[in-house]
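Index from 1, following the sequence. In this text the structure is predicted, and so the values were computed from the model without any measurement.
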Amino acid sequence: TTFLVCTKGPPQFDKLGVTGSSPVPPGWPRDAWPRDAFARGFSILQVMTEYDPDAFDAFEEAGWTTKEATAYHGLLGRVTSQVAEPLLDAVNARRGTRLLDVATGPGYVAAKAAERGADPIGVDFSDTMLAYARAHVAGVEFVHGDATALPFEDESFDAVVAAFVLLHLGTPERAVEQAARVLRSGGRAAFSVWDEPAQGRWIGIFFEAFVAAGAHPPADVPAGPNFF
């Protein structure tokens with residue numbers, strides 16, 4: 001897993017750091033990315049031009065709004081829940097921290113934030129995921145909302161975290177912009193994405209099996225941004 005960590009300063013995120021094993025562009029230090037990093041672009045948030053972001057978003061929404069949350073928890077949840085503590089560490093979540101968990105899913109990160117004494121809110125556009133989170137995470141508010149159009153006022157959170165959502169968005173840069181908008185000056189945001197299959201072996205094994213079997217995506221699956 002690769003983590004993107006940002007600190008907000010006027011007029012936008014002004015310090016970026018990447019941890020994990022994904023390559024960093026030559027000459028860009030890991031602990032002090034340039035102010036215009038998003039304008040330059042880099043592999044994690046690269047936005048392709050040869051796909052329809054609206055069609056991709058519609059495909060993702062159809063899948064996530066009908067996905068069985070219990071099945072997700074039994075398979076993927078055992079892996080994705082493991083990034084909760086690193087994400088919270090990255091934003092220095094502690095008692096009293098007002099924290100937004102974007103694309104909260106089953107509520108893994110929000111639950112761990114609450115255990116630290118933080119004041120988390122989880123947001124997701126999937127009603128099935130929200131229902132699961134509300135049933136399994138006590139004392140945390142979960143609201144319906146879109147990562148690219150967050151239903152919150154400007155500068156209303158001390159920290160924003162998002163686990164594995166950027167890879168599922170046709171325009172991931174909008175989610176980063178929204179995180180910056182709702183984050184108070186000096187606050188921190190952290191995002192996780194899957195590492196390259198050669199490094200992230202959990203998902204790499206699946207990809208290698210697909211290739212070995214000669215499998216191909218269904219023809220009706222729309223093209224999307226780079227997954228890694």
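- In this structure, Arg174 does not pair ionically with Glu177, as no charged nitrogen and carboxylate oxygen lie closer than 4.0 Å.
- Screening Asp146, Leu150, Val102 for a side chain to side chain contact (heavy atoms under 4.5 Å, CB included) involving Gln178 leaves a single residue, Leu150.
- Under a hydrophobic clustering in which Ile, Leu, Val, Met, Phe, Trp and Tyr are joined whenever their side-chain heavy atoms come within less than 4.5 Å, directly or via other members, Ile205 and Phe210 fall into different clusters.
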Checklist entry - side-chain contact (heavy atoms from CB on, under 4.5 Å) between Val221 and Phe56: does it pass, once the steps are laid out? => result CA-CA 8 Å; Val221 174; Phe56 180 76; over 6 Å; no

Next on the checklist: Test side-chain contact (heavy atoms from CB on, under 4.5 Å) on Val161 and Leu99; report intermediate values, then the result.
Outcome noted: CA-CA 8 Å; Val161 294; Leu99 179 141; 3.9 Å; yes

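- Between Arg184 and Asp158 there is a salt bridge, with a side-chain nitrogen of the basic residue lying less than 4.0 Å from a carboxylate oxygen of the acidic one.
- Taking the side chain as every heavy atom from C-beta outward, Ile121 and Phe157 approach each other to under 4.5 Å.
- When hydrophobic residues (I, L, V, M, F, W, Y) are linked wherever their side-chain heavy atoms come within less than 4.5 Å, the members clustered with Val140 are Leu130, Val137, Phe142.
- Side-chain polar atoms of Glu68 and Thr70 form a donor-acceptor pair below 3.5 angstrom.
- Residues Val123 and Leu100 have side chains in contact (heavy-atom distance under 4.5 Å, counting atoms from C-beta outward).
- Leu88 has its side chain within reach of Val109: a pair of non-hydrogen atoms, C-beta onward, lies under 4.5 Å apart.
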Next on the checklist: As a quick check of understanding, evaluate ring-ring contact (aromatic ring centres under 6.0 Å, His included) for Phe164 and Trp194, giving each step before the final call.
Outcome noted: CA-CA 7 Å; Phe164 303 112; Trp194 295 114; 4.2 Å; yes

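- In this structure, the side chains of Val182 and Val160 come closer than 4.5 Å at one or more pairs of heavy atoms.
- The closest side-chain heavy-atom distance from Pro106 to Met129 is below 4.5 Å.
- A ring pair (Phe, Tyr, Trp, His ring centres under 6.0 Å) check over residues 73-112, counting only residues at least two apart or in different chains, returns the pairs His73-Tyr108, His73-Tyr132.
- For the salt bridge (Lys or Arg N to Asp or Glu O under 4.0 Å) condition, the pairs that include at least one residue of residues 69-95, sequence neighbours left out, are Glu85-Arg116, Asp89-Arg116.
- For Glu141 and Arg134, the salt-bridge test fails: no basic side-chain N is under 4.0 Å from an acidic carboxylate O.
- Rounding to the nearest 0.5 Å gives a distance of 7.5 Å between OG of Ser126 and NE2 of His144.
- Side chains of Thr148 and Leu169 form a contact here, defined as non-hydrogen atoms less than 4.5 Å apart.
- With hydrophobic clusters built from ILVMFWY side chains whose heavy atoms lie under 4.5 angstrom apart, Phe59 does not share a cluster with Phe125.
- At least one donor-acceptor pair closer than 3.5 Å links the side chain of Thr65 to the backbone N or O of Glu61.
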